[in-house]
Amino acid sequence: MQKTQNLTIVIFGASGDLTYKKLIPALYALYQQQMMPLQFRVLGVGRSPLSDNDFQLKMQDGIRQNCEKHHLDEAIILSFSENLKYLAMDPESENDYATLKSTLDRFDQEINAKGNCLFYLSMPPSKFGVVANNLGKVGLNNENDGFKRLIVEKPFGYDYASGFELNHKLHQAFDESQIYRIDHYLGKETVQNILVMRFSNGIFEPLWNRNFVHHVEITSSESIGVEKRGGYYDSSGALRDMLQNHLLQVLGLVAMEPPSSMDSDAIRNETLKVLQSLQPIHEENVDKQVIRGQYVASHIRGELVKGYREEPQVDPDSRTETYVAVKLFIDNWRWGGVPFYIRTGKRLPTRVTEIVVHFKPTPHGLFWNKGEEQNQNQLIIRIQPDEGILMKFGLKLPGAGYKVKTVNMDFHYSDLLDTHLPSAYERLIYDAMLGDSTLYARADAVEAAWKFVAPIQKAWKENHDIKIYGYPAGTWGPENADELIEDKDITWRYPCKNLADDGNYCEL
Ligand code: BG6
């Protein structure tokens, strides 16, 4: 394990949910596993006045509520929280940065951090530009004395132009090598495992191309609705919230060429090429290649589940999609002609994220009569929950004749005794402390992903004939999504059945 250098982590937006639920618990978990530097400070920054002690008490509570049980140890929680400090300041006011600078200088003396700083912007993206700029004005972007790194949270814009503009603003004060755009999907252990599975085994890679792969599915389904985030979600929707970032990044890892090394740029150059090779979906084809839906009220096991439009802070006439399914192609030598199907949605029957690689059937169906559906090999990479890998293949059923049955070879991460899967934030913050940006989204990749979704956004905005389908909460999204897959023998993989007792599929 590499040792991290002494540093101060400054969290802007310290009173927010993310800090309480994810960031501080992740830092604590690293501390408990002795992965934090010998000496460090975490400085929470926010507008509301708070003493160090109040901040520490609140964060201790966040740790107890949100950390996995096996990490919890009261003595360690107390010694960790001695490193937590708080500074009340207005991040948008240039004047307040002198105090921030002098506080950081003081910490530098106390913990011998040699100027190393990690700034975590856990705040609305509209503030990123001004905070980066203000940091720059007091020299807190200058790496002459210690590293200065900036972690930013999505959304990285809401379309191509704003994504580009945001990158431009960040680049005015910070070099791209100092910017860490967090995409928590890349921090998931099983997402990183895509790289290891593909490139540490001799058996998969020769088959990983158009000659052997029939099609690929990427599903990320959630059973929850928009919860308390109706306000944000209604101006975002599934395309921006999940597909443009998390799922296209995952696609990048599934479809990339082998990198020449494990160097951050070597890997990110390859994932970028995938995003740049996505066949543009022309506006006139959007309704044929993209299906959008919105959940409507239904009963699940007798309980009424609200429709999206009834959720708090959601426009009662909203046409924001809570489901999106896309059929896309990658125009390159490896994948030419292979359809990739990606779908994501809220209020689907279960929470599951998985990648399914469907291999082509054998060229000659020895064991099948004409017209019979032939066994197809599938490799299923389960990102969450029940992280693991499942291979499906045909075997002979015992007895007379040659009846073929599809059987499973199934690996579960939980079978690795004593192995705990670190949370995405643990992994990502640790990497940022080390200066490893492999699992962070680079500006050019974010822009390439926006470029791909731009015609979809435009068509949805301008062409009111493009339908949005209502699907009952607890079902697998609009039935029309099946039509994206043109082969009549093939459907999406449904890891479980629809749950809704009632409700209608409809056009909204
Ligand atoms: C977030 C989205 O980025 O990812 C949420 O904003 C979504 O809407 C979440 O629920 C899903 O993350 P996970 O790790 O639970 O799959």
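Both ligands and their constituent atoms are indexed starting at 1 by order of listing.
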Partner set under side chain to side chain donor-acceptor pair (under 3.5 Å) for K327, not counting sequence neighbours
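Only E486 meet the side chain to side chain donor-acceptor pair (under 3.5 Å) criterion with K327.
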Is the charged tip of K188 near the ring of Y185: under 6.0 Å from the six-membered ring centre and within 45° of its axis?
yes
Do Y20 and D61 pair up side chain to side chain, a donor and an acceptor below 3.5 Å, judged on atom types alone?
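A donor-acceptor contact under 3.5 Å links the two side chains.
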Distance-only side-chain donor-acceptor flag, Y413 / N193, under 3.5 Å:
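N193 and Y413 do have a side-chain donor-acceptor pair below 3.5 Å.
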For T491, side chain to side chain contact (heavy atoms under 4.5 Å, CB included) partners two or more places apart
Y494
Identify, with sequence neighbours excluded, every residue that meets side chain to side chain contact (heavy atoms under 4.5 Å, CB included) alongside I330.
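Testing I330 for side chain to side chain contact (heavy atoms under 4.5 Å, CB included), a comparison that skips the adjacent residues, returns L251, A255, V274, S277, L278, L328, N332, W335, F340.
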Listing by chain and number, which residues have a heavy atom under 4.0 Å from ligand 1?
K154, H184, Y185, K188, E222, R229, D241, M242, H246, K346, R351, Q384
